Amino acid sequence: FGSQMAATCENAAIKEGSAEILPVRHSDHNESAGKHESGKQKKAGNGSEQNVFYNRAQVFNRDLSILVLNVFSALKGSEEAEKQRKWDEKEARRRENPSWKPPAVQHVEYTGLSILEGLSASGLRSIRYWNEVKGLAQVVANDFDATAVEHIQRNIEHNKLSTDKVRPHHGDVNLHLYNNAKAYDVIDLDPYGTASPFLDAALAGVKNGGLVCVTSTDMPVLGGNVPETSFYRYGGTALKAKYVHEMSLRLLMNAIAATAARHQRHVEPLVSCSIDFYVRVFVRVHDTPVRVKELASKTGLVYQCCQCDSFHVQPLGLLEFGSKKARKHDRNETDSGTASQVVTTIEAPVVVTKEEAEKETEVKDSTVTTRCQQQTPALPSRYKVPKAVDGIGSVCEECEGRYSIGGPFYLGNLHNKEFVDACLSVCDDESLEHVTSWKKITGMLTAISEEIEDIPLHYSLPSLCANVRLGCAPAKHFKGMLQHLGYRVSHFHREPAAIKTDAPNRVVFDILRTWAQHEGKLGDSGGPGAAGIEQQDASTAAEAASNPVEGVGHKSKKQKGGPDPLATKILQRPITTAQLHDLKFGTVSIKDEERPRKVPRFLPNPEKYWGPMARAKPQRGGDEDAHDTQEAAVASAI
């Protein structure tokens, strides 16, 4: 695996993909930008060189970025070609008119993508971009460290590239973007730690329709260890819940969307990945001020029970569609029982009427309550303040525990399915010869393509079962029951045991009680069964003792040799979903016809201690008045 990712050459250089990086050269009185805290150095020659800081775990990040940029370059090229065609048609019509005058704004011919790597370190990523991404006009490799910029210059020359193609730049990336507004089609931010200090400049400085690629490696903050830091960096409080990896993505996306909105720009997430020890998002930015008004409806809070895995998502905005005349007609028709369906309201939960299939249940025209957001068909006609969602009270309905509040975080789609499918088509051909991580990329993108995109957050099936002191239920049967009831269900691309569904919380816990009934821990009447909760085995009890939310956990203390209070509270509640009364657990399974790709989706790390290396120490070249925001600008992976 290591030989596929990088090969060390005879001259102590590192080769990755199409690029080769030389060791860092430094003087006696300067510390190298590649020197790291572990002190592992390797001198060569007269002692003027040392091996460059290199993290093999980030090869997947760069391979994925090269794939995404190739697909985006093709998309951008086709869009610009269509613009050029329409412009030529307009020009032809204008010239036929005798009173034709040249337009005030001239059309600028598209020559290819311009890319800025804001925190370049050694220039490895920029060199690979130029060599492996098609349709580029220029790549700018910026770094705040003077020694790093010298190193970038040497690497460009070593790879026989012109500085007109890959141009090194020394300076503050924020100042550079503010001084060169909307000069780049792609801005790549891959810092060591948080990307929050660079978001405003990047989202203000990218071109209309451009792409912003953002990495954040401060997972202890995004994972809820330091909620106060999470709030001031990303504008939302993180919780240590089972959906921590998805919430990390949504907190970062919330910061990106809110920052872009201040510049009257709205964002379109193309691909959002939770990978190893970091999150990576690819977001397209559009100059569409009217869409910025939808931000409130794509932002929300989560009410997470402190004792069990029950949670509720509360959006902060409500969209209403349809004209005023249509809404008035709808209100007039309501009294006669023939209400129009022209007006669509988006709020969580959404009440949708579905007709159950004859083979699934005898109950037809039943009402199904979901927590998802429907697709927005067009521009909304009204923006309203939402009502509180059902189920949020002073205590949890399932276990009477109190709620922790997380967020605000992003509720919208994290992926663009068409874009992901385009990336997968490239994966099928493996047409990018220098990309080595095809197996992992294909698996992750396949898992993303199967993920329900409009459902925020998810349950963890092992944790749900541990709450009631049961072994883990078979996922295919648990998901199959949700699907049988008319709900959608999928995994999360980072968590194979995740239950992402639009079913309300009570239905999920009713299926959990059905599993307990199947295991003999619950009687047919809905109360604790003859086997009883007293006969819990030690292994499942230890698993359930894990803390689902920071600082809380199971508040009730189990008496020695007695039943578990939390499990008793959950199991003693009756099963209220009528369709489950005649449905035995294990009789239905999830349908697999929607999974045509027979590829591994969740691959383990290739070796132990697969994670970030120590932070590199930047050389500032004597500039004591440099901005503190750049102190974390040396990338974790060069």
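Since this is a predicted model, take the numbers as computed values, not measurements.
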Side chain to side chain contact (heavy atoms under 4.5 Å, CB included) between Ser65 and Cys213, worked out: CA-CA 8 Å; Ser65 300; Cys213 316; 5.7 Å; no
Stepwise side chain to side chain contact (heavy atoms under 4.5 Å, CB included) test for Ser272 and Val281: CA-CA 4 Å; Ser272 306; Val281 298; 3.9 Å; yes
Cut-off 3.5 Å, no hydrogens considered: what does the side-chain donor-acceptor table look like for residues 252-259, sequence neighbours left out?
| from | atom 1 | to | atom 2 | distance (Å) |
| --- | --- | --- | --- | --- |
| Asn254 | ND2 | Tyr234 | O | 3.2 |
| Thr259 | OG1 | Ala255 | O | 2.6 |
| Thr259 | OG1 | Arg262 | NH2 | 3.2 |

Min side-chain heavy-atom separation [X]-[Y] under 4.5 Å:
| X | Y | result |
| --- | --- | --- |
| Ile187 | Leu177 | yes |
| Thr237 | Ile405 | no |
| His415 | Asn413 | no |
| Tyr110 | Lys83 | no |
| Leu67 | Val435 | no |
| Phe409 | Leu457 | yes |
| Asn208 | Arg265 | yes |

Rounded distance [0.5 Å steps], OH in Tyr278 versus CE in Met219: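 The OH atom of Tyr278 sits 11.5 Å away from the CE atom of Met219.
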Worked verdict on Glu79 versus Arg284 for salt bridge (charged side-chain N to carboxylate O under 4.0 Å, His left out): CA-CA 14 Å; Glu79 291 177 350; Arg284 201 168 187 191; 2.5 Å; yes
Consider only side-chain N and O atoms of [X] and [Y], and report whether a donor and an acceptor are under 3.5 Å apart.
| X | Y | answer |
| --- | --- | --- |
| His312 | Asp390 | no |
| Asn142 | Ser120 | no |
| Ser449 | Asp421 | no |

Closest non-hydrogen atom pair between [X] and [Y], with its separation:
| X | Y | value |
| --- | --- | --- |
| Val313 | Pro456 | CG1-CG, 4.1 Å |
| His493 | His491 | N-CD2, 4.1 Å |
| Leu251 | Ser230 | CD1-OG, 3.8 Å |
| Glu450 | Arg601 | OE2-NH2, 2.6 Å |
| Leu64 | Cys273 | CD2-SG, 3.9 Å |

Within 6.0 Å of NZ in Lys293, more than 12 heavy atoms from elsewhere: no
More than 12 heavy atoms of other groups within 6.0 Å of Lys417 NZ: yes
Lys476: partners by salt bridge (Lys or Arg N to Asp or Glu O under 4.0 Å), with sequence neighbours left out: none
Does the pair [X]/[Y] count as a salt bridge with the N-to-O cut at 4.0 Å?
| X | Y | value |
| --- | --- | --- |
| Arg506 | Glu397 | no |
| Asp218 | Arg233 | yes |
| Asp309 | Lys242 | no |

Geometric class of the Tyr303/Tyr403 ring pair [parallel <30°, tilted 30-60°, perpendicular >60°]: perpendicular
Derivation and outcome, side chain to side chain contact (heavy atoms under 4.5 Å, CB included), residues Val302 and Met247: CA-CA 10 Å; Val302 58; Met247 193 167 188; 3.8 Å; yes
Residues Lys384, Glu320; criterion side chain to side chain contact (heavy atoms under 4.5 Å, CB included); working and verdict: CA-CA 8 Å; Lys384 301 175 64 177; Glu320 194 172 81; 3.7 Å; yes
Within the 6.0 Å centroid threshold, strictly below: Phe419 and Phe72: no
Partner of Phe282 by side-chain contact (heavy atoms from CB on, under 4.5 Å), out of Val212, Val271, Leu69, Val71: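 The option that passes is Val271.
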Thr501: which of Ile452, Ile455, Val507, Leu482 passes side-chain contact (heavy atoms from CB on, under 4.5 Å):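 Among Ile452, Ile455, Val507, Leu482, the one that satisfies the side-chain contact (heavy atoms from CB on, under 4.5 Å) with Thr501 is Leu482.
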Test applied, side-chain hydrogen bond (donor to acceptor under 3.5 Å, both in side chains); reference residue, Tyr243; option that passes from Glu495, Gln304, Arg250: Gln304
Passing option when His458 is tested against Glu246, His245, Lys500 for side-chain hydrogen bond (donor to acceptor under 3.5 Å, both in side chains):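 Option passing the side-chain hydrogen bond (donor to acceptor under 3.5 Å, both in side chains) with His458: Glu246.
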